[in-house]
Amino acid sequence: MATVPSVSNSITVRMEVPARGNAVSQITTLVESCGGSVTGLDVTASGLESLRIDVTIAAASVSHAEEIVDKLRTIDGITIGKVSDRTFLMHLGGKIEMSSKLPIRNRDDLSMIYTPGVARVCMAIAENPDDARRLTIKRNSVAVVTDGSAVLGLGNIGPKAALPVMEGKAALFKRFAGIDAWPLCLDTQDTDEIVAVVKAIAPGFAGINLEDISAPRCFEIEARLREALDIPVFHDDQHGTAIVVLAALTNALQVVGKEIGDVRVVMSGAGAAGTAILRLLLDAGVAHATVADVRGVVHGGRDDLDESLRWIADNTNRSGRTGSLKEAVRGADVFIGVSAPNVLDGDDIAAMADGAIVFALANPDPEVDPAVARQTAAVVATGRSDFPNQINNVLVFPGVFRGLLDAQSRTVNSEMMLAAARALAATVSADEVNANYIIPSVFHPDVAKTVAAAVRDAAFAAGTAQAPRNPVGETGTFPAVQL
């Protein structure tokens, strides 16, 4: 699939150019002829003979950016200075920080914020541990926990290399839901050790967000932590993805005029995300589902079924299909891919049912070229930001946790996830839904608060909430403490 210039691969090139002549137009023309895009041009110093300019260029990849810079060096009269990678500059020194909510200006402030005054608060919590939610950061804190074993599409790159992603996750929690999230990258991939560590740090948090932990260990880790802890444990790679997919599918079915209980769904991918999507779709009413992995369709006759694949075989593929993904997708109403690039082509999509829905979510390269899929499918979604209908977990996890924290929920269950999916789908009104708009932007102002309200109400309905019915606003602010 052809790549296009992206801000994620943008650079800023500092140059000295002649003050007179056509140097600037030469620069822009050359960049565009190389397939790049000039997105900014700033004069940072000027003299009679020369200008110093910073040219910001979007490229398709690191090697593409290097190629453009090498071509720029060939322009007569231009001197190339520093070349800065804008993405690396943004990460320099990390993306998040801790800051105090209260000023510490004098001895009185110090005495109340710290010793000796803080001892009174400590003793109040010792006498009533539930007061930790009222009197500490616990009430608004989430731990973002990873072992670095399945980071984005990069694989097992370890905890240190995973830290930039976890920092970004924490920044998104704060930006979209006002939640204080803390990245915790664990230097172990032992299931027992991960469970023990998370249990040990849990008293300081109101929720646990598991992130980028490989299957099948992630299933056991989540299940054991949910059993052991009195705070919600949410694996975003599984449940966040599942909620967004269900919300998008809800609106896509409106576009094509089909019902969720009638459509035949074929999925590619039986890992953490695929299994969670499948479970939520079944809870939502999907009655005809088939799943394929690298060995083809999952069915009860295969000799390689682990516990997770056995569950899939027992709960899907009612017609007993065997064979390949390409065979299974023929005549299907819906294809959902969370697997690998280019496992399908245009002929496969054309062989689907009329009004086909294609969610090709492998990133950065989807299961089928979206431009090709759109030639015959009625609705196409991807995980990419450069095509319509991006399936993005940022639409879900901030609002879900905001609702869980506001309700002081002890857990998260399928009813809450279904409520979140319905709320997310409803942020696209009936007169807005179309083939190119089945899911809102992550910057839609109503997304987080709408999802939060739905999850909060579902927590109260399920009896898992510990907060009074109306103790907080949508930003999680509490009333004054009464002693």
Side-chain angles (χ1 to χ4, degrees), residues 96 98-99 101 125 128-145 166 168-184 198-199 201-211 222 225-226 228-236 238-240 243-244 393-421 423-424 442 445-481:
I96 60 175
M98 195 285 290
S99 63
K101 295 166 64 177
I125 294 172
N128 181 15
D130 288 344
D131 275 350
R133 284 187 182 266
R134 292 195 311 133
L135 300 173
T136 74
I137 197 173
K138 176 182 176 74
R139 70 176 175 88
N140 197 49
S141 292
V142 168
V144 182
V145 179
M166 304 308 122
K169 200 84 171 188
L172 295 173
F173 266 112
K174 192 67 173 179
R175 164 64 175 82
F176 292 107
I179 292 171
D180 298 305
W182 310 87
L184 301 177
V198 176
K199 287 170 61 177
I201 57 94
F205 298 95
I208 305 295
N209 185 85
L210 300 176
E211 191 77 21
E222 180 196 9
L225 288 173
R226 286 193 174 189
L229 300 179
D230 63 351
I231 57 176
V233 178
F234 186 84
H235 187 193
D236 188 47
Q238 296 182 60
H239 309 304
I243 292 168
V244 186
N393 290 8
V394 182
L395 288 161
V396 170
F397 68 81
V400 166
F401 270 99
R402 180 74 275 156
L404 293 171
L405 268 57
D406 286 353
Q408 297 181 27
S409 181
R410 296 183 296 272
T411 188
V412 57
N413 57 31
S414 62
E415 288 80 9
M416 298 176 202
M417 291 187 280
L418 289 170
L424 180 57
V442 298
D446 296 333
V447 165
K449 65 182 181 182
T450 301
V451 171
V455 171
R456 187 166 60 243
D457 290 346
F460 281 109
T464 69
Q466 301 175 79
R469 190 65 179 85
N470 295 304
V472 296
E474 290 176 345
T475 58
T477 55
F478 278 60
V481 176

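As the structure is a computational prediction, the values presented were derived from the model and not from experiment.
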Handout entry: For the student: nearest non-hydrogen atoms of Phe205 and Ala143, plus distance
Key = CD2-N, 3.4 Å

Practice task
Search all heavy atoms of Pro203 against all heavy atoms of Lys199 and return the closest pair with its distance.
Solution key: CD-O, 3.8 Å

Handout entry: Stepwise side chain to side chain contact (heavy atoms under 4.5 Å, CB included) check, Glu415 with Leu418
Key = CA-CA 5 Å; Glu415 288 80 9; Leu418 289 170; 5.6 Å; no

Exercise for the section: Return yes if some donor-acceptor pair links the side-chain N/O of Arg226 with the main-chain N/O of Val233 below 3.5 Å, else return no. Expected result: yes

Handout entry: Glu211 side-chain N/O to Val144 backbone N/O, donor-acceptor pair under 3.5 Å
Key = no

Practice task
Report the C-alpha distance between Met166 and Leu184 in whole Å, list the side-chain angles of each, state the deciding distance to 0.1 Å, and finish with yes or no for side chain to side chain contact (heavy atoms under 4.5 Å, CB included).
Solution key: CA-CA 8 Å; Met166 304 308 122; Leu184 301 177; over 6 Å; no

Handout entry: Thr450 vs Leu424, side chain to side chain contact (heavy atoms under 4.5 Å, CB included): CA-CA, chis, key distance, verdict
Key = CA-CA 7 Å; Thr450 301; Leu424 180 57; over 6 Å; no

Completion exercise
For Thr464, the side-chain hydrogen bond (donor to acceptor under 3.5 Å, both in side chains) test, sequence neighbours excluded, returns Ser409

Handout entry: Short N-O contact, Arg133 and Asp130, less than 4.0 angstrom
Key = no

Exercise for the section: Measure across Leu405 and Ser141 and return the closest heavy-atom pair with its distance rounded to 0.1 Å. Expected result: CD2-N, 4.0 Å

Problem - Side-chain heavy atoms of Gln466 within contact of Asp230, under 4.5 Å - result: no

Problem - Least distance between heavy atoms, Phe234 atom then Val400 atom - result: CE1-CG1, 4.1 Å

Problem - N/O donor-acceptor pair under 3.5 Å between Lys138 side chain and Gly204 backbone - result: no

Practice task
Output yes when a side-chain donor or acceptor of Asp131 lies under 3.5 Å from a complementary backbone atom of Arg134, and no otherwise.
Solution key: no

Handout entry: Side chain proximity check, Leu395 to Val451, heavy atoms < 4.5 angstrom
Key = no

Exercise for the section: Give a yes or no on whether the backbone of Asn209 and the side-chain of Asp236 come within a donor-acceptor separation of less than 3.5 Å. Expected result: no

Exercise for the section: Look at the side chain of Arg410 and the backbone N and O of Gly463, then say whether any donor-acceptor pair between them is shorter than 3.5 Å. Expected result: yes

Exercise for the section: Give a yes or no answer on whether the side chain of Arg402 reaches the backbone of Ala177 with a donor-acceptor pair at less than 3.5 Å. Expected result: yes

Exercise for the section: Classify the ring geometry between Phe173 and Phe401 as parallel (under 30°), tilted (30 to 60°) or perpendicular (over 60°). Expected result: perpendicular

Completion exercise
To the nearest 0.5 Å, atom NE2 of His239 lies from atom CG of Leu210 at 8.5 Å

Problem - side chain to side chain contact (heavy atoms under 4.5 Å, CB included) between Ile179 and Lys174, worked out - result: CA-CA 5 Å; Ile179 292 171; Lys174 192 67 173 179; over 6 Å; no

